[in-house]
Engineer: 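My questions will all concern the structure given below.
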Amino acid sequence: MHMLQRKMSHLFLLFLLFLAPAFADGGSQKSAQNLCSNDVSHKRQKRDWIWNQMHIKEEIDTPLPHHVGKITSSVRNNNAKYIIEGEYANTIFKVEETSGDVYAFERLDREKKAEYELTALIIDRTNNRSLERPSKFIIKVYDINDNAPVFVQKVFNGSVPEMSPVGTSVTKVTAVDADDPTVSGHATVTYEVTTGGEYFTIDDSGVIYTKEPNLDRETKSTYEIVVQAKDAPGYSGDSSTATVIITLSDINDNFPVFKHSSFHFKVPENISVGGEVGRVKVEDIDEPQHRNTRYSFIQGEFRDTFDIVANPYTNEGIFRPKKPLDFETVSEYRFSIEATDPTVNLRHFKPGNPRSIATVTIEVTDVDEPPVFTKLSYEFKVRENHAEVKTLGSVHAEDPDAAKRKIRYIQRRANPNGDYIRVSNNGVIQLPKPLDREFSSSYNITVAAVEILEDGRLSDRESHAHVHVIVDDVNDNAPELVSPEEPRVCENAAPGKVIVRISAVDKDETSPRGFFRYSLATEDSNFSLIENYDNTANITVKYGQFNRELAKFHYLPVLISDNGDPDLTSTNTLVISVCKCDEKGNFTFCEELAKQVGISIQALVAIFICIFTIIVIALLILLRKRHKKDLSGLGRSVAEIHEQLVTYDEEGGGEMDTTSYDVSVLNSVRKNGLKAEAAPSPYAQVQKPPGNITPGAGGMEMMIEVKKDEADNDRDLLPYDTLHIYGYEGAESIAESLSSLGSGSSDSDIDYDFLNDWGPRFKMLAELYGSEPSEDFVY
């Protein structure tokens, strides 16, 4: 019954809300515009708005509309009308005009909007004038805890070191509840591990901790657990879940273990020190960054012969020899090694792990080794220029192999180069001639020792030794004067004037106590010598006053002796110039001593090369000229026609010139009546019409073209500069042909036999003009 009355009340309110505006005055809009002006122009008694607290629960499941509250004013006016304004006025919220009740016509969701701000007004419905100042009010939406916590992501990742103690933090998950946190219990989230709870746990803040103390990565490296988030206990909110993938990070808690219990290697005896013999492998189940295997020898002899070093990348143990191996001495090495890791965390050490020990056998194989010298370096001493000494000693090498082959010795290098020291086949160091210390104080040779094979051949493997010969000094060189600057003296020098300080050198070895003695070869001079006792001496003026007219140069013989055993003395000539000097003793004029001019070996070689080059060029020129002369002297016969094709720019001797041109051939060809062929010639200066060509010229033209081709293609023959074919000359000229080549066939009655009486110079012309047309010409 109560519910029916409540529904009827709601229907009545709806009827009033929708029908009341229809009976209102049509000028309500106009009155609304004048609200502000009415408030200013009309004075009325102050009144107050009266209404209850506005609030409403979200998601009310009763039929709409939902009563929110009531706005009431103290105005007493039968024409009073309530209206509301705002963003959601007259859409979500509406007010009953007469009673002031506010209704919500939609179900509200606090998570979308928690409160609404509206403005309440009361006006006179007759003139739409405001009866009270507008007042703002807020409608709050109450939370009903209708949202479940939601994780911010579906999958979380975490990591924790293996073997961590219980309670070690792994990671943190977060779930968010959209309900009002100000309402107790509505936004409180609790967490629970639903899958994997035997290994991990979680607190109310979402932090996940380890629950098991011995999580071993080598047993299981990844765990996937499910975490549930829900409202606080006692509230009927829903829940949500998320997946957490937890990875155990590695720690160094495992020792390396050999893959095999024994290892065997073979190595040649000539392996170099530090070379690789072999590798042993271990297995370490920790990750590579935690593999720090160390190898050590624990049992066996000759442990000082090898070293084992761990490869930082592969963790393998590499054997390397620390000294040379010798098959003949030790052919096999056997020892035990242990692999361990000093960086293993002993707190997490798993008891019961056996020691990782392996046996290693290294077998040394025999190699044909080169001979071995008893010493790497030999030293001998000999006095210089000692002719009686022929041998200095010997070098010796042996075959280290079991075959014990014979050895032959060969000299490889020498310093200085030359045949100064020899080595015999059996290793004896010989001197072919005495050694000179002044040439070289020591001599060095390299001797090779080579094994002689069974067939007599020499092995290709050899070893070397150094032989050093020291030449002891013998006092066989006298001291020599060190040439000073040209000594000069003034012609008016006073007695005692120091002219020059002299010194000497000795090619022989000079001991620290060695000294030189100086003296003059003759006392009959105007010079004196005074020793300074520091291996030098001064040359001074003895009497003074030199005469340049008598001698401009004085040649002073100086004796220099050493203190060797025996002592040696040399005579050296010191040339002193007598010069003119001014009052202060400064030299004003001195004659220059004529110097010997010599030519160095390099200059002589350069001169010889120049002379040789000039001779070669001259010979080439002579050969070239001779070759040209031979070509120009080739014989000319009727069977082989060699025309003289010469360029000329003058008329020449005319018909009386019988020595320059042999035109009988041309004339003979013309008389034979050969028909000329019209062939263009690159040398023809004038081309005439074909109809005027003289019969019989075609064969000659062909012959000339052939010779032209030969001349053009043969670079060794003399050049044929120009070619003049006179058979075509004057065909269109009034004066006819001016050439004498055609006069032999002219109609002239002149008898040219008189040309025979003119001598040999006209013989050729007489034969040309006196020849009969019936003569045959064979080509």
Side-chain angles (χ1 to χ4, degrees), residues 383-385 436-441 471-601:
R383 294 181 62 188
E384 67 170 326
N385 299 323
D436 185 6
R437 196 203 68 84
E438 282 69 44
F439 174 75
S440 178
S441 61
V471 182
D472 292 335
D473 185 45
V474 174
N475 191 24
D476 57 348
N477 292 278
E480 297 178 358
L481 178 67
V482 177
S483 300
E485 297 181 359
E486 295 182 3
R488 298 179 293 180
V489 62
C490 294
E491 60 180 344
N492 57 352
K497 173 69 175 178
V498 177
I499 300 173
V500 66
R501 170 177 286 192
I502 60 175
S503 61
V505 293
D506 195 336
K507 293 181 180 178
D508 295 323
E509 290 183 354
T510 303
S511 63
R513 297 181 180 180
F515 59 89
F516 299 121
R517 296 187 300 272
Y518 300 89
S519 61
L520 297 179
T522 177
E523 297 294 333
D524 187 14
S525 66
N526 195 13
F527 302 96
S528 60
L529 184 146
I530 301 174
E531 289 205 43
N532 298 321
Y533 301 103
D534 59 354
N535 281 338
T536 64
N538 291 337
I539 303 298
T540 62
V541 178
K542 188 174 184 180
Y543 304 113
Q545 297 298 323
F546 295 90
N547 189 351
R548 281 176 45 84
E549 300 297 332
L550 297 178
K552 295 183 176 60
F553 299 97
H554 290 266
Y555 298 89
L556 182 64
V558 179
L559 302 178
I560 306 176
S561 302
D562 58 18
N563 64 335
D565 184 20
D567 59 345
L568 299 178
T569 302
S570 65
T571 301
N572 305 267
T573 301
L574 185 65
V575 182
I576 302 175
S577 303
V578 180
C579 304
K580 294 181 179 180
C581 300
D582 56 14
E583 296 177 355
K584 296 182 180 180
N586 297 323
F587 300 109
T588 58
F589 178 76
C590 295
E591 274 79 10
E592 293 292 336
L593 182 63
K595 296 182 180 179
Q596 296 180 353
V597 179
I599 300 177
S600 63
I601 296 177

Engineer: Where do Thr522 and Asp524 land on the side chain to side chain donor-acceptor pair (under 3.5 Å) test, with the steps shown first?
Structural biologist: CA-CA 5 Å; Thr522 177; Asp524 187 14; 5.4 Å; no
Engineer: To the nearest 0.5 Å, tell me how far Ser528 OG sits from Tyr543 OH.
Structural biologist: 9.0 Å
Engineer: Taking all heavy atoms of Val541 and all of Ala493, pick out the closest pair and write down the distance.
Structural biologist: CG2-CB, 4.0 Å
Engineer: With a 4.5 Å limit on heavy-atom distance, are the side chains of Arg437 and Asp476 in contact?
Structural biologist: no
Engineer: Show, in sequence, the C-alpha distance, side-chain angles and deciding distance for Phe589 and Arg548, and conclude whether the side chain to side chain contact (heavy atoms under 4.5 Å, CB included) test is met.
Structural biologist: CA-CA 11 Å; Phe589 178 76; Arg548 281 176 45 84; 3.7 Å; yes
Engineer: Between Leu520 and Val558, is the side chain to side chain contact (heavy atoms under 4.5 Å, CB included) condition met? List the steps.
Structural biologist: CA-CA 5 Å; Leu520 297 179; Val558 179; 4.1 Å; yes
Engineer: With heavy-atom distances below 4.5 Å as the criterion, would you say the side chains of Val471 and Ser441 are in contact?
Structural biologist: no
Engineer: Classify the side-chain pair Asn532/Asn538 by whether it contains a donor and acceptor separated by less than 3.5 Å.
Structural biologist: yes
Engineer: Out of curiosity, Asn572 CG to Leu556 CG, how far, rounded to the nearest 0.5 Å?
Structural biologist: 10.5 Å
Engineer: Run Asp473 and Glu438 through side chain to side chain contact (heavy atoms under 4.5 Å, CB included) and show every step you take.
Structural biologist: CA-CA 8 Å; Asp473 185 45; Glu438 282 69 44; 3.2 Å; yes
Engineer: Would you mind reporting whether Ile560 and Glu480 have side-chain heavy atoms less than 4.5 Å apart?
Structural biologist: no
Engineer: Tell me whether Cys579 and Cys590 have SG atoms closer together than 2.5 Å.
Structural biologist: yes
Engineer: Kindly indicate whether the side chain of Asp508, heavy atoms from C-beta on, has any atom under 4.5 Å from the side chain of Glu384.
Structural biologist: yes
Engineer: Can any side-chain N or O of Asp562 pair as donor or acceptor with the backbone N or O of Leu568 at less than 3.5 Å?
Structural biologist: yes
Engineer: Is the backbone of Phe516 close enough, under 3.5 Å, to the side chain of Asn535 for a donor and an acceptor to pair up by distance?
Structural biologist: yes
Engineer: Check Pro566 against Asn475 and note the closest heavy-atom contact, atom names and distance.
Structural biologist: O-ND2, 2.8 Å
Engineer: On the 0 to 90° scale, with breaks at 30° and 60°, tag the Phe553-Tyr555 ring pair as parallel, tilted or perpendicular.
Structural biologist: tilted
Engineer: Say whether, by atom type as modelled, one donor and one acceptor occur between the side chain of Asn526 and the main chain of Gly544 under 3.5 angstrom.
Structural biologist: yes
Engineer: Atom OG of Ser570 and atom CG of Asn477: how far apart are they, to the nearest 0.5 Å?
Structural biologist: 10.5 Å
Engineer: If you round to the nearest 0.5 Å, how far is SG of Cys581 from CD of Glu491?
Structural biologist: 7.0 Å
Engineer: Taking the side chain as everything from C-beta on, heavy atoms only, tell me whether Arg488 gets closer than 4.5 Å to Ile576.
Structural biologist: no
Engineer: Are the side chains of Leu529 and Ile502 in contact, using a 4.5 Å heavy-atom criterion?
Structural biologist: yes
Engineer: Can you check whether Asp567 reaches Arg517 side chain to side chain, under 4.5 Å on heavy atoms?
Structural biologist: yes
Engineer: Starting at CD1 of Ile499, measure out to OG1 of Thr540 and round the result to the nearest 0.5 Å.
Structural biologist: 7.0 Å
Engineer: What pair of heavy atoms forms the shortest contact from Ser561 to Pro479, and how long is it?
Structural biologist: C-CG, 3.9 Å
Engineer: Whether the side chain of Thr588 engages the backbone of Lys580 through a donor-acceptor N/O pair (distance < 3.5 Å, no angle test) should be reported.
Structural biologist: yes
Engineer: Taking the side chain as every heavy atom from C-beta outward, state whether Lys507 and Asp436 have any atom pair closer than 4.5 Å.
Structural biologist: no
